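Worksheet for the structure shown next.
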Amino acid sequence: METWQKQLQASITDPQKLTRVYGVDPQPLRAVADKYPMRVPPYYRDLIKYVGDPIWKQAVPDERECHDSICVDDPLEEENQSPVPNLVHRYPDRVLFLVCSECAMYCRFCTRKRKVGGAEMQISTTTIDAGINYIAAHPEIRDVIISGGDPLLLSDEKLDDILTRVRAIPHVQIIRIGTRVPVVLPMRITSGLIRVLRKHHPLYLNTHFNHPDEITSQSAKACERLANIGIPLGNQCVLLRGVNDDPEVMTLLMHKLLQIRVRPYYIYQADMVQGTDHFRTRVEEGLDIIKALRGHTSGMAVPAYVIDAPGGGGKIPLLPDYLQSLGTDVVLKNYQGKEFHYVNAAEPVVDINFDKVVNLP
Ligand SMILES: *Cc1c(COP(=O)(O)O)cnc(C)c1O
Ligand code: SF4
């Protein structure tokens, strides 16, 4: 079962198929999977070591997805910030362009749980054309993030066509791809796909590893192929209760990522998405993870910890209080908790009037 298409066809979409093997009652999970689709490719299923482990939690429906909570369907107000369907224009110079409604694996904690893999998410040549026309008509857009769903579930031809058309827009400086395929379906990184991607530089790719157990020889190979054609790889992970809410697990993840040539980019605080409340952690736990990383290990291994602001305010970085006070005396705390002082520079003053010297002989 080495082709990605075969992997997808053999995916588990009914909880019963999985729970039977593990002796878990599938009955309550059926309703969950009806509301929020399930899809687990055999490759990812084989990473499960036991019921309720970090792989299981990410992939298998949980009764709590249907519980009421303070969470909402679209906390980031993506729909309100979409001038055309499936294109989010939140920041001045960049857009998020959703080009595929499917994913290889439906993550139970997904921010776009309201629509991925369901009838709600209508992507067609019409919406893709509208997105490309919008980008072309807005010269302030210099960075386009191609996402979904998962854009690498498109055929090589469709993806090539979209990348070619976005690349042809003169003001688009860089294209980024957001994909979980290297983690959940690494055999999708075929030589055919590589031939497509290498044509569209400068191209960046952010993937989404959440746990060290997701780093396997196959996912490492997928990242190696991408890195070998000059695509800088980043990782955006989500802080998830029971999955990676532990400084030791996160440190191991960051170290393993660097070994497969992936640079940690973001740790997201879990969004307030309906059906994912049981995954949320306290913000203090995220700060503790940053404290455990910064200074204790390579700066390259330390991502930015952010909260994507409810209401669509964008990503806001959170840092432990290294800056204790800021005046003439800058009081700092290092990674060991020791205090240091830096003497601030004086306020800038115009000390030389260059106009007077301009006309010297
Ligand atoms: C995350 C995001 C971006 C990209 O943000 P960066 O901080 O530049 O990586 C752009 N648009 C939307 C809507 C986003 O959610
Ligand atoms: S791959 Fe991304 S978009 Fe798809 S279900 Fe997972 S988190 Fe959501």
Side-chain angles (χ1 to χ4, degrees), residues 74-101 103 110-112 114-116 121 123 127-154 158-182 196-208 226 230-238 262-269 271 273 303-319:
D74 182 16
L76 309 182
E77 300 203 11
E78 293 189 329
E79 304 299 339
N80 281 342
Q81 295 180 338
S82 296
V84 297
N86 299 312
L87 182 138
V88 188
H89 196 177
R90 171 176 301 147
Y91 295 105
D93 69 341
R94 54 208 191 281
V95 291
L96 179 66
F97 187 19
L98 311 182
V99 301
C100 182
S101 62
C103 297
C110 179
T111 288
R112 268 172 228 124
R114 67 181 184 281
K115 64 179 191 177
V116 292
M121 197 163 182
I123 287 174
T127 66
I128 289 178
D129 291 352
I132 291 174
N133 290 339
Y134 180 87
I135 297 165
H138 287 80
E140 70 275 22
I141 299 170
R142 40 160 290 287
D143 176 4
V144 175
I145 299 154
I146 310 266
S147 184
D150 201 312
L152 296 192
L153 283 205
L154 295 177
K158 275 199 178 142
L159 189 68
D160 195 14
D161 174 62
I162 294 170
L163 290 171
T164 303
R165 287 155 73 200
V166 173
R167 178 47 74 218
I169 300 169
H171 53 263
V172 174
Q173 298 171 359
I174 59 167
I175 301 174
R176 300 193 238 176
I177 290 179
T179 175
R180 222 183 162 195
V181 149
V196 167
L197 296 177
R198 69 187 317 161
K199 295 193 292 181
H200 302 286
H201 279 305
L203 189 62
Y204 292 75
L205 187 147
N206 281 324
T207 189
H208 179 172
L226 293 163
I231 301 179
L233 304 177
N235 190 66
Q236 318 198 127
C237 78
V238 186
V262 177
R263 167 78 160 92
Y265 180 44
Y266 281 137
I267 294 177
Y268 289 99
Q269 174 67 13
D271 292 323
V273 175
Y305 171 46
V306 297
I307 297 190
D308 216 335
K315 298 170 185 68
I316 300 174
L318 300 180
L319 267 187

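The first residue of the sequence shown is numbered 1, and numbering continues consecutively from there. Worth saying up front: this structure is predicted, and the values here are computed from it rather than measured.
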query: Heavy-atom count around Lys158 NZ within 6.0 Å, excluding the residue itself: above 12?
result: no
- request: State, to 0.1 Å, how close Val273 and Cys110 come at their nearest heavy-atom pair, and which atoms those are.
  value: CG1-O, 3.6 Å
task: State, to 0.1 Å, how close Tyr305 and Gln269 come at their nearest heavy-atom pair, and which atoms those are.
output: OH-OE1, 2.8 Å
For Asp308 against Gly314, the heavy-atom pair lying closest together: OD1-C, 3.3 Å
- request: Kindly compute the distance separating CG (Leu87) from CD1 (Ile135), expressed to the nearest 0.5 Å.
  value: 5.5 Å
- prompt: For Ser147, does its backbone N or O pair with a side-chain atom of Arg176 as donor and acceptor, under 3.5 Å?
  reply: no
- prompt: To the nearest 0.5 Å, what is the distance between CZ (Arg263) and CG (Leu233)?
  reply: 12.5 Å
message: Under a 4.0 Å threshold between the charged nitrogen and the carboxylate oxygen, would Lys115 count as salt-bridged to Glu78?
response: no
message: When you compare the side chain of Leu76 with that of Asp271, does any pair of heavy atoms fall below 4.5 Å?
response: yes
message: side chain to side chain contact (heavy atoms under 4.5 Å, CB included), that's the test. Do Glu140 and Val95 meet it? Break it down for me.
response: CA-CA 10 Å; Glu140 70 275 22; Val95 291; over 6 Å; no
task: Decide yes or no on side chain to side chain contact (heavy atoms under 4.5 Å, CB included) for Leu153 and Cys100, but give the supporting numbers first.
output: CA-CA 7 Å; Leu153 283 205; Cys100 182; 4.1 Å; yes
- prompt: Taking all atoms of both residues into account, what is the closest heavy-atom pair of Ile132 and Ile169, and its distance?
  reply: O-CD1, 3.9 Å
- request: Take Gln236 and Thr207 through the test side chain to side chain contact (heavy atoms under 4.5 Å, CB included) and record every step on the way to the result.
  value: CA-CA 6 Å; Gln236 318 198 127; Thr207 189; over 6 Å; no
- request: Might you point out which heavy atoms bring Ala309 and Ile316 nearest each other, and give the distance in Å?
  value: CB-CD1, 3.9 Å
- request: List in chain and number order the residues that pass ring-ring contact (aromatic ring centres under 6.0 Å, His included) with Tyr134, two or more places apart in sequence or in another chain; answer none if no residue qualifies.
  value: His89, His138
- prompt: Does Asp150 use its side chain to pair, donor to acceptor, with the backbone of Leu152 at less than 3.5 Å?
  reply: yes
query: About how many Å separate CG of Leu96 and CZ of Arg90, when rounded to the nearest 0.5 Å?
result: 8.0 Å
message: Looking at every heavy atom in both Phe97 and Ile128, which two are closest together, and how far apart are they?
response: CZ-O, 3.6 Å
statement: Interatomic distance, CD1@Ile177 vs CG@Leu197, rounded to 0.5 Å, equals 5.0 Å
query: Taking it one step at a time, do Arg165 and Asp160 satisfy salt bridge (Lys or Arg N to Asp or Glu O under 4.0 Å)?
result: CA-CA 9 Å; Arg165 287 155 73 200; Asp160 195 14; over 6 Å; no
- request: Going by the side-chain contact (heavy atoms from CB on, under 4.5 Å) test, name the single residue among Leu226, Ile174, Ile146, Ile175 that passes it with Leu203.
  value: Ile175
Carboxylate-amine/guanidinium contact Arg114 Asp74, below 4.0 Å: yes
query: From His208 NE2 over to Cys103 SG, what is the distance, rounded to the nearest 0.5 angstrom?
result: 10.5 Å
task: Assess whether side chain to side chain contact (heavy atoms under 4.5 Å, CB included) is satisfied between Val116 and Met121, documenting all intermediate values.
output: CA-CA 6 Å; Val116 292; Met121 197 163 182; 4.1 Å; yes
message: Between Pro232 and Tyr204, is there a side-chain heavy-atom distance shorter than 4.5 Å?
response: yes
query: Hey, what do you get for CG (Asn235) to SG (Cys237), rounding to the nearest 0.5 Å?
result: 6.0 Å
